[in-house]
Amino acid sequence: MTVRVQEQDFDVGKELSELTKGNHAIGGLAVFVGLVRDHVGIQGGGGSEISAMTLEHYPAMTDKMLAKIEAEARERWPLEASLVIHRHGRLEPGDRIVMVAAASSHRQAAFEACEFLMDWLKTKAPFWKLEETDKGALWVDARDSDDTAAARWSKRDPDAAE
Amino acid sequence: MTVRVQEQDFDVGKELSELTKGNHAIGGLAVFVGLVRDHVGIQGGGGSEISAMTLEHYPAMTDKMLAKIEAEARERWPLEASLVIHRHGRLEPGDRIVMVAAASSHRQAAFEACEFLMDWLKTKAPFWKLEETDKGALWVDARDSDDTAAARWSKRDPDAAE
Amino acid sequence: MKLLYFSWLKTKTGRAEEDVTPPQEVATVGELLSWLEGRGPEFADALADRAAIRVAVNQTYAKPGDPIGPNDEVALFPPVTGG
Amino acid sequence: MKLLYFSWLKTKTGRAEEDVTPPQEVATVGELLSWLEGRGPEFADALADRAAIRVAVNQTYAKPGDPIGPNDEVALFPPVTGG
């Protein structure tokens, strides 16, 4: 697995070509790209315009956790290749935030591993979003639906917070 | 939804940039890319080396069906954009066969729509693969697991073959 | 009526498409398949395993009981394997 | 012991990191949080809602009962929101 946390943007097509290059056992490649939206919904209605966001992170912890999640993904699915890129710093609407890719001989393993890695990033990886909205700069609240999505992968979870 | 059936290759990064360009309501983009493998497994063990494959298709039916599947995907999920590209003709191991992308404000809708479109392509879209193997040219058999994957989306299915 | 054959149905019958005029009593997809089987050994062989045959009438999947008419485009093919 | 604060825990406490030497009887994550709360109103405010606080000891998620020692790096932050 290749993992990068970086400030600069990435080229999705180039990353995917490099990931699969020369490996003809790969039949399917599932990819997720997360983008900055210009509007955020609030539970129960309403919402705010977003002009930009800043991603703060805890680099030493990210590095340490990625080794674990890699081992877990490879234990669960027969992956030929995988990639996680997460940006930090200031981003504007339409900018790419994150990219996750998983390659396997069959599509189901690729899709599941890609969703698993995204769920893990959303609920465990130490990143925090500060949104610049029309109501001021606000730290984003964690979404219950992300915990629900992550919980489907396991009852025993070595990185559970509680 | 943009749909293209074509003989020439496509540039994944360029397609995705064009798909999401200027739409800042998109928060997540799920993508699947299918590649030609150099080896095919056979149920119960064994397998063959593949030197190339030729994709035959029925263009008039593909065009007609895509209108239906588009309507169904958009009815099920709040999609901001979607794309299907399927190649035909002769392809070699490592070549791209198909690309499906679905964009939504949240990732779960994007992932589900992308998987739905792939399951539909695998089980309903009129394409047939002829593989050039070390045992001669063989038409690929449909996989039961693809039907199982497609069946999860619905019990009533307007395009069921039987 | 225009018939189209794909994948190994094309190989086995030795044709990609043809115009046919079945007798009037051939009014459904199932009856068309039975009539085609009687046209020669290559058709009998190609159509022997009905569970392996899919039929589309005017580019839409059809069942054995669905009606067919002289102006229809009828395609015969095995289960699809694209994607 | 090195403490790190992220997101609104950094804003509320007014610091990103610091070195602290809690008394010897502070031996677990839960005891550390209680001791920190007593350091001043900004800490009492930041740590008031314990359910909203996550703790990592040496870059690994920790529970209130987990032990801590003088050479540990302890990070305090709200639930993560990346991806």
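Per chain, numbering begins at 1; letters A, B, ... match sequence-line order. Quantities reported herein were computed from a predicted structural model and do not represent experimental measurements.
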Going from CZ on B:F116 to CH2 on B:W153, what distance comes out if it is rounded to the nearest 0.5 angstrom? 7.5 Å
Among C:G82, C:P78, C:S7, which residue has the highest count of heavy-atom pairs closer than 4.5 Å to chain B? C:S7
Identify which part of B:H57 has an atom lying under 4.5 Å from any heavy atom of chain C, answering side chain, backbone, both or neither. backbone
Using non-hydrogen atoms and a 4.5 Å limit, figure out which bit of B:I97 sits close to chain C: side chain, backbone, both or neither. side chain
With the threshold set at 4.0 Å, does a side-chain nitrogen-carboxylate oxygen contact exist between B:E18 and B:K21? no
Does this structure show an ion pair linking B:R143 with B:D146, if we count only N-O contacts that are shorter than 4.0 Å? yes
What part of B:D141 gets within 4.5 angstrom of chain C, counting heavy atoms only: side chain, backbone, both, or neither? backbone
Are B:E132 and B:R90 close enough for a salt bridge, meaning some N to O gap below 4.0 Å? yes
Which region of B:A125, side chain (C-beta onward) or backbone (N, CA, C, O), has a non-hydrogen atom less than 4.5 Å from a non-hydrogen atom of chain C, or is it both or neither? backbone
Interface moiety of B:K64 toward chain C, non-hydrogen atoms closer than 4.5 Å: side chain
Look at B:K135 together with B:E49 and state whether they make a salt bridge at an N to O cut-off of under 4.0 Å. no
